[in-house]
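Down below is the structure, laid out as C-alpha cells.
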Amino acid sequence: SVTTAASTATTAYDYVIVGAGVGGIIAADRLSEAGKKVLLLERGGPSTGETGGHYNAPWAMGTNLTKFDIPGLFESLFSDPDPWYWCQDVTVFAGCLLGGGATLNGGLYWYPTDADFSVENGWPSGWQDHAQYTNAVIARLPSTDHPSTDGQRYLEQTFGVMQQLLEPQGYRQLTINDEPNSKDHVYGHSAFDFIDGKRAGPVATYLQTAKVRPNFTYKDFVYVSSVVRNGSQITGVRTNDTSLGSGGVVSLTPNGRVILSSGSYGTSRILFQSGIGPSDMLALVKNNVEAAVHLPLQSQWINLPVGMNVSDNPSINLVFTHPSVDSYDNWADVWTDPRPADAAQYLKNQSGVFASASPRVNFWRAYAGSDGITRFMQGTVRPGAGSVDTTNPYNASQVFTITAYLSQGVTSRGRLGVNGSLTGMPLVNPWFQDPVDKAVLLEGIKDIVSGISAVPNLTLITPDNHTTIDAYVDTYDPASMDSNHWVGAAKIGTDPTTAVVNTNAKVFGTNNLFVIDASIIPALPMGNPQGMIMSVAEQATAKILALVGGP
Ligand SMILES: Cc1cc2nc3c(=O)[nH]c(=O)nc-3n(C[C@H](O)[C@H](O)[C@H](O)COP(=O)(O)OP(=O)(O)OC[C@H]3O[C@@H](n4cnc5c(N)ncnc54)[C@H](O)[C@@H]3O)c2cc1C
C-alpha cells in the first residue's frame, strides 16, 4: 500500500539481513528479540500454507497444506515440470523462497557434535563451546524420528533389512539425536525438523516469534544485488525495490550492520558485486554491463578468498532389492496420484506415510585414512531409487537405496563462483580432489556390500554383478555426487588470506558486514548440515550482539 511504501522509504534499520533461509531467520529472531530494529529481506515468496503459500498438490487443493508443508512430497520436488522454487540463476539446487533450503530439503536434522566445532575441524578457538547454542536450537526446534502425528512409523521395511546388514558388522542401534557425539558403528531411525506431521524448520518456529515484534520487518520478493560501501564502511543495501529507499537502497541507523544470509552461492555473489572477493570474480562483475555500474572502484576492492575452500559431501548411491521392501513406486506419482488411503490419512490428521520425507534409516562409521585423518561415512537409506543401472533382472516394487556419504574429515576442497552472466556455479568440483577421500569412501562402500550375503534375499542391483565396486566408484558421474551441502565459501578464520570472515563472523576489511549462513562453516559436520547451521546462527548472532560499536 501507499502508506507502507511511504513509511518504509524513510526507515533506517539497525540490522538488515539478506536472505530468509536457515541462518537468516534465526539471526533475525535473535536480533529483534534483543530490541534491534531488524529488516529481513528475501528474494523469493511464500512457501508453506501458514506463510501464504498456495502451491498445492491436486489432492490437497482447498487445504492449507502446500508442497512445502507435506514432507512426503519431498521427492516430487525433483520431477516437477515447473520447479520455480529452485534459484534459476544457480546451476546446482538452491532454494529461492521463504525458508531457503529448509523449505525444500530432505528434512534430515542432526544435532551437531562437539567434534563438528573442533579446532581440528577448522573452527577458530572461541567457537568450541557450542552446547548452549545447540541447546537453544533444540529448545526451539526439537527433532523427531517419528514425525507422523499418531506416533507410528510407516514404510519401515528397510529398517529391518538394515538391522540385519549392520548388526553383524558391529553397529548398534540408538536414538541418533539422543547421543549426538556417537557416530561410529551406530544406526537409527532418521530424524527430521518436522512438527505436527508438517515441515517446520526455522519458518515455523523462529520466524513466528520474530513476526509479532514491532521492531521486526519482513519483506519478500526483494532481490539484493550488493551492499553500498564506502571503503570499509557499509552504508546501505542495494535492492530492486524502490519503496525501501531512494534507488532501492535501504539505509542503516548510525552504527547499523548488514548480515548476508543468502546461502553459499547467494552470499558469494553479493560479495562479488560489492567488490569483495578474488580479482577474477570481480573482473567478471566489472565486465557485466548491469552490475558494473554499482561495483566500487578497483582501489576499493577487498581481496578475500570468497568461494574458495568449499566442500560438499561426496555421495554414492547403491541400489538394492529385498522382497520385504515396498519401494513406494519410487515416489513417482505422489504429486498427482498418490496411494488414496495414504493421502486420505494424511489430510485427515497429518499422519501416515506422507508425514515423513523418504529417508528411513541413517548410520555412521569412522574410518582411519592413510593420511592419519579420521573420516566418517554416513549412510542414508530410503525406499525407491533415483536411477537404476543394472543388467540384473529385478523387481522394481522392491528397490531401495543406500546413499553413502563421506562426512566429517573430508579434505577435498573445490571452488564456487559466477560466470559472465553472474550465474552461480561450481568452478572446481569439491568431490574426491584428495585421493584419500576416495579411498575411504570406497572402503566404506565395500564394507556395506560385504555384509550382503548375511541377509537372506538381499540383492545389490546397482552396481550389478558384472561391475566391481572399484569400477563403479571410479566411473561414478561427479555431477551425481553432489549432496547439496555446500559449506565454506566465506570461511571463518583468523587469517584473511585463507578466510573471509573473522571469529565474529565479520567480513575482513569491513567495519559492519557479517555473514551468517552455511558459507562460514569451514568444514563439513558429521551429518546433513542444517542442524549445525542453526547452532552456528545462534552462536554468531550472540557474538555480533556482544561486539562493541554496534547499533
Ligand atoms: C535438495 C536439497 C536437499 C537437502 N537436504 C538436506 C537435509 O535433508 N538435511 C540438511 O541438514 N540439509 C539438507 N540440505 C542442505 C540445507 O538445506 C542447506 O545447507 C541450508 O538450507 C543452507 O542454509 P543457508 O542459511 O546457508 O541458506 P539457504 O537456506 O539456502 O537460504 C538462503 C536464502 O537467501 C535467499 N537469497 C539468496 N540470494 C538472495 C538475494 N540476492 N537477495 C535476497 N535473498 C536472497 C534465498 O532465496 C534463500 O531463502 C539440502 C539442500 C538441498 C538443496
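In this text, all values refer to a predicted model and were calculated from it rather than measured experimentally.
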### Query
Does a donor on one side chain and an acceptor on the other come within less than 3.5 Å for S315 and T403?
no
### Task
Kindly state each residue pair satisfying side chain to side chain donor-acceptor pair (under 3.5 Å) with at least one member in residues 508-518, sequence neighbours excluded.
S232-N511, Q233-N511, T267-D517, D517-S519
### Query
For residues 226-278, which residue pairs qualify under ring-ring contact (aromatic ring centres under 6.0 Å, His included), counting only residues two or more places apart or in two chains?
Y265-W486
#### Entry: With T205 via side-chain hydrogen bond (donor to acceptor under 3.5 Å, both in side chains) - residues at least two apart
none
### Task
Grab the two heavy atoms, one from S407 and one from P525, that are nearest each other, plus how far apart they are.
CB-O, 3.6 Å
### Query
At their closest point, which heavy atom of S243 faces which heavy atom of K219, and how far apart are they?
OG-NZ, 3.8 Å
### Message
Would you compute the distance between atom NZ of K198 and atom OG1 of T66 and round it to the nearest 0.5 angstrom?
### Response
9.5 Å
### Message
For residues 209-218, which residue pairs pass the salt bridge (Lys or Arg N to Asp or Glu O under 4.0 Å) check, not counting sequence neighbours?
### Response
D29-R213, E50-K211
### Residue pairs involving residues 214-259 (criterion disulfide (SG to SG under 2.5 Å); sequence neighbours excluded)
none
### Query
Could you go step by step and tell me if T51 and F68 meet the side-chain contact (heavy atoms from CB on, under 4.5 Å) rule?
CA-CA 11 Å; T51 66; F68 313 108; over 6 Å; no
### Summary
Nearest heavy-atom contact between S311 and P430 is CA-CB, 4.0 Å
### Message
Once ring pair (Phe, Tyr, Trp, His ring centres under 6.0 Å) is applied, do any residues pair with F78, and if so which ones, sequence neighbours excluded?
### Response
F74, W86, F93
### Side-chain (T149) to main-chain (D196) donor-acceptor, under 3.5 angstrom
no
#### Entry: Interatomic distance, T48 atom OG1 to D69 atom CG [nearest 0.5 angstrom]
5.0 Å
### Query
Between S268 (side chain) and G417 (backbone), is there a donor-acceptor pair under 3.5 Å?
no
### Task
Would you give the length of the straight line joining atom CZ of R140 to atom CD of E538, rounded to the nearest 0.5 angstrom?
8.0 Å
### Task
Just jot down the side-chain hydrogen bond (donor to acceptor under 3.5 Å, both in side chains) partners of S358, sequence neighbours excluded, or say none.
E75
### Query
Quick one: CZ on F508 to CG on L304, what's the gap to the nearest 0.5 Å?
8.0 Å
### Message
Contact between T541 and Y133 at the side-chain level, heavy atoms closer than 4.5 Å - yes or no?
### Response
no
### Query
Mind checking whether V306 and M281 have side chains closer than 4.5 Å, heavy atoms only?
no
### Over all atoms of both residues, closest heavy-atom pair of P180 and T113
O-CG2, 3.0 Å
### Task
Return the minimal non-hydrogen interatomic distance between A28 and S32, and the atom names on each side.
O-OG, 2.8 Å
### Query
Hey, is the main chain of P147 close enough, under 3.5 Å, to the side chain of S356 for a donor-acceptor pair?
no
### Query
Do Q530 and N105 have a side chain donor and acceptor closer than 3.5 Å?
yes
### Query
Does the side chain of S190 reach to within under 4.5 Å of the side chain of L108, using non-hydrogen atoms?
yes
### Message
Would you say that P202 contacts M534 through its side chain, given a criterion of any heavy-atom pair below 4.5 Å between the two side chains?
### Response
yes
#### Entry: Under 3.5 Å: donor-acceptor pair, side chain of N313, backbone of L524
no
### Query
Side-chain contact, heavy-atom cut-off 4.5 Å: Y15 with I259?
yes
### Summary
Residues at least two apart in sequence or cross-chain that pass ring pair (Phe, Tyr, Trp, His ring centres under 6.0 Å) with F192, listed by chain then number, are F194
### Query
Do K67 and Y85 have side-chain heavy atoms sitting under 4.5 Å apart?
yes
### Task
With the side chain counted from C-beta on, respond yes when Q350 and L65 share a heavy-atom pair under 4.5 Å apart, and no when they do not.
yes
#### Entry: Any pair counted as ring-ring contact (aromatic ring centres under 6.0 Å, His included), so long as it reaches residues 94-122, sequence neighbours left out
Y109-Y111, W110-W364, F117-W123, F117-H130
### Task
Grab the two heavy atoms, one from D220 and one from P46, that are nearest each other, plus how far apart they are.
OD2-CD, 3.7 Å
### Query
Does the pair R43 and D89 meet the rule for a salt bridge (Lys or Arg N to Asp or Glu O under 4.0 Å), with working shown?
CA-CA 12 Å; R43 67 181 287 188; D89 52 10; 3.0 Å; yes
### Rounded distance [0.5 Å steps], CD1 in I544 versus CZ in R257
7.0 Å
### Message
Test of understanding: with side-chain hydrogen bond (donor to acceptor under 3.5 Å, both in side chains), list the residues that count as partners of D312, not counting sequence neighbours.
### Response
W431
### Message
When you measure from the side chain of W301 to the backbone of G277, do you find a donor-acceptor pair of N or O atoms at a distance under 3.5 Å?
### Response
no
### Gap between atom CG of L31 and atom CG of D14 - 0.5 Å precision
9.0 Å
### Query
So does D80 have more than 12 non-hydrogen atoms from other groups sitting under 6.0 Å from CG?
yes
### side chain to side chain donor-acceptor pair (under 3.5 Å) evaluation trace for N528 with Q378
CA-CA 9 Å; N528 312 56; Q378 178 190 340; 2.8 Å; yes
### Query
Could you give all pairs that pass the ring-ring contact (aromatic ring centres under 6.0 Å, His included) test and reach residues 231-253, with sequence neighbours left out?
none
### Message
Check whether K36 reaches the backbone of P551 with its side chain - one donor and one acceptor, N or O, closer than 3.5 Å.
### Response
yes
### Heavy-atom donor-acceptor pair, R199 side chain to A204 backbone, under 3.5 Å
no
### Query
Are V16 and L41 side-chain neighbours, meaning at least one heavy-atom pair lies under 4.5 Å?
yes
### Summary
Contacts satisfying disulfide (SG to SG under 2.5 Å) that involve residues 88-127 (not counting sequence neighbours) are C87-C96
